[in-house]
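The shown structure was predicted, so the numbers you read here are calculated from the model rather than taken from an experiment. The figures here come from the full heavy-atom set of this structure, side chains too, leaving out hydrogens, waters and symmetry mates.
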Amino acid sequence: MENFYKKYGDVDNCPVRNIVARFGNKWSILILLVLSELGTGRFTEFSRLMPDISSKVLSKELKILEADGLINREAFAVIPPKVEYTLTKRGKSLIPLIIPLVEWAKENMKPIKKSRQQHSV
């Protein structure tokens with residue numbers, strides 16, 4: 001049980017709570033995948049490609065990903081303002097780990113949705 005606590009119970013040092021939870025939410029993985037395909041993304045592109053995300057949430061998620069060193073934000077001194085986002089080396093290293101998760105989700109989406117219906121979730 002002591003090993004279990006060391007592995008998951010110590011909030012400050014648990015990699016799942018401290019790192020994975022930061023990018024493992026509803027939007028961050030999608031933002032990372034979009035950037036991996038686009039190469040460079042702008043706020044309006046994210047909004048267009050993910051129409052169900054609010055501007056406030058998108059802005060917050062981009063700031064979190066930047067703070068964790070997964071994306072770069074480059075602002076250009078032009079009018080109107082122009083900001084571009086790209087994956088960092090760290091962000092790029094995460095993509096090959098996300099792809100199998102996405103594939104797993106594709107393969108299991110129908111049975112999981114069916115199971116959810118049976119459990120009223």
Side-chain angles (χ1 to χ4, degrees):
M1 195 57 122
E2 182 64 28
N3 282 340
F4 182 82
Y5 176 77
K6 285 181 181 178
K7 193 172 184 180
Y8 302 113
D10 182 358
V11 176
D12 291 334
N13 295 307
C14 176
V16 175
R17 295 180 193 196
N18 204 310
I19 306 299
V20 176
R22 287 278 293 234
F23 66 80
N25 62 42
K26 181 177 180 178
W27 298 111
S28 293
I29 288 177
L30 193 53
I31 291 168
L32 293 169
L33 288 170
V34 166
L35 267 181
S36 75
E37 290 187 30
L38 293 178
T40 300
R42 296 184 62 194
F43 194 90
T44 53
E45 289 175 299
F46 292 118
S47 296
R48 183 177 48 82
L49 294 169
M50 299 178 284
D52 51 335
I53 189 171
S54 72
S55 293
K56 181 179 177 181
V57 171
L58 176 56
S59 180
K60 178 185 172 196
E61 294 302 323
L62 289 168
K63 286 176 184 175
I64 289 170
L65 291 169
E66 181 184 13
D68 284 349
L70 298 174
I71 65 172
N72 283 320
R73 178 185 186 274
E74 185 175 3
F76 298 90
V78 295
I79 298 176
K82 178 181 171 183
V83 177
E84 293 182 344
Y85 298 91
T86 56
L87 289 173
T88 62
K89 185 177 178 182
R90 183 178 303 137
K92 288 177 184 175
S93 75
L94 184 57
I95 299 302
L97 303 172
I98 293 173
I99 299 297
L101 179 61
V102 172
E103 293 301 319
W104 181 89
K106 286 179 187 176
E107 291 172 15
N108 289 281
M109 189 164 75
K110 283 183 182 180
I112 287 173
K113 285 178 128 182
K114 185 177 180 181
S115 183
R116 285 178 184 167
Q117 288 175 340
Q118 293 170 348
H119 291 87
S120 302
V121 176

Taking a hydrophobic cluster as the set of Ile, Leu, Val, Met, Phe, Trp and Tyr residues connected by side-chain heavy atoms closer than 4.5 Å, whether directly or through intermediates, do Ile19 and Ile64 fall within one such cluster? no
Glu66 CD to Tyr85 OH distance, which is reported to the nearest 0.5 Å: 7.0 Å
Can Ile29 and Leu94 be said to form a side chain to side chain contact (heavy atoms under 4.5 Å, CB included), step by step? CA-CA 10 Å; Ile29 288 177; Leu94 184 57; over 6 Å; no
Stepwise side chain to side chain contact (heavy atoms under 4.5 Å, CB included) check, Gln117 with Lys113: CA-CA 6 Å; Gln117 288 175 340; Lys113 285 178 128 182; 5.7 Å; no
Any side-chain donor-acceptor pair under 3.5 Å between Glu61 and Asn25? yes
Backbone N/O of Asp68 and side chain of Arg90: donor-acceptor pair under 3.5 Å: yes
If two hydrophobic side chains count as joined below 4.5 Å and joins carry through other members, does Val83 share a cluster with Ile53? yes
So OG of Ser28 and NZ of Lys60: to nearest 0.5 Å the spacing works out to 9.5 Å
I need the Lys63 NZ to Leu58 CG distance, nearest 0.5 Å. 10.5 Å
Under 4.5 Å between side-chain heavy atoms, chaining through other members, with only Ile, Leu, Val, Met, Phe, Trp and Tyr counted: pull out the rest of the cluster around Ile79, sorted by chain and number. none
Of all heavy-atom pairs linking Gly41 and Leu35, the shortest is N-CD2, 3.5 Å
Between Ser47 and Phe43, is there a donor-acceptor pair closer than 3.5 Å when you use the side chain of the first and the backbone of the second? yes
Report the C-alpha distance between Trp27 and Asp52 in whole Å, list the side-chain angles of each, state the deciding distance to 0.1 Å, and finish with yes or no for side chain to side chain contact (heavy atoms under 4.5 Å, CB included). CA-CA 10 Å; Trp27 298 111; Asp52 51 335; 3.5 Å; yes
Find the distance between CG (Asn72) and CG (Leu87) and round it off to the nearest 0.5 Å. 9.0 Å
Run Phe76 and Glu84 through side chain to side chain contact (heavy atoms under 4.5 Å, CB included) and show every step you take. CA-CA 8 Å; Phe76 298 90; Glu84 293 182 344; 3.6 Å; yes
So how far is it from Ile71 CD1 to Leu32 CG, rounded to the nearest 0.5 Å? 7.5 Å
Is there a path of hydrophobic side-chain contacts, each under 4.5 Å between heavy atoms, that joins Ile31 and Leu97? yes
Please confirm whether the backbone N or O of Leu70 pairs with a side-chain atom of Thr88, one donor and one acceptor, at under 3.5 Å? yes
So if you build clusters from Ile, Leu, Val, Met, Phe, Trp, Tyr with side-chain heavy-atom gaps below 4.5 Å, do Ile112 and Leu30 land together? no
Under the rule for salt bridge (Lys or Arg N to Asp or Glu O under 4.0 Å), what residues qualify as partners of Glu103, not counting sequence neighbours? Lys106
dist Asn108:CG -> Lys114:NZ (nearest 0.5 Å) comes out at 13.5 Å
Hey, is the main chain of Val34 close enough, under 3.5 Å, to the side chain of Glu37 for a donor-acceptor pair? no
Do Lys89 and Ser93 touch side chain to side chain, with heavy atoms closer than 4.5 Å? no
Minimal heavy-atom distance between Thr86 and Gly39, with the atoms involved, is CG2-O, 3.5 Å
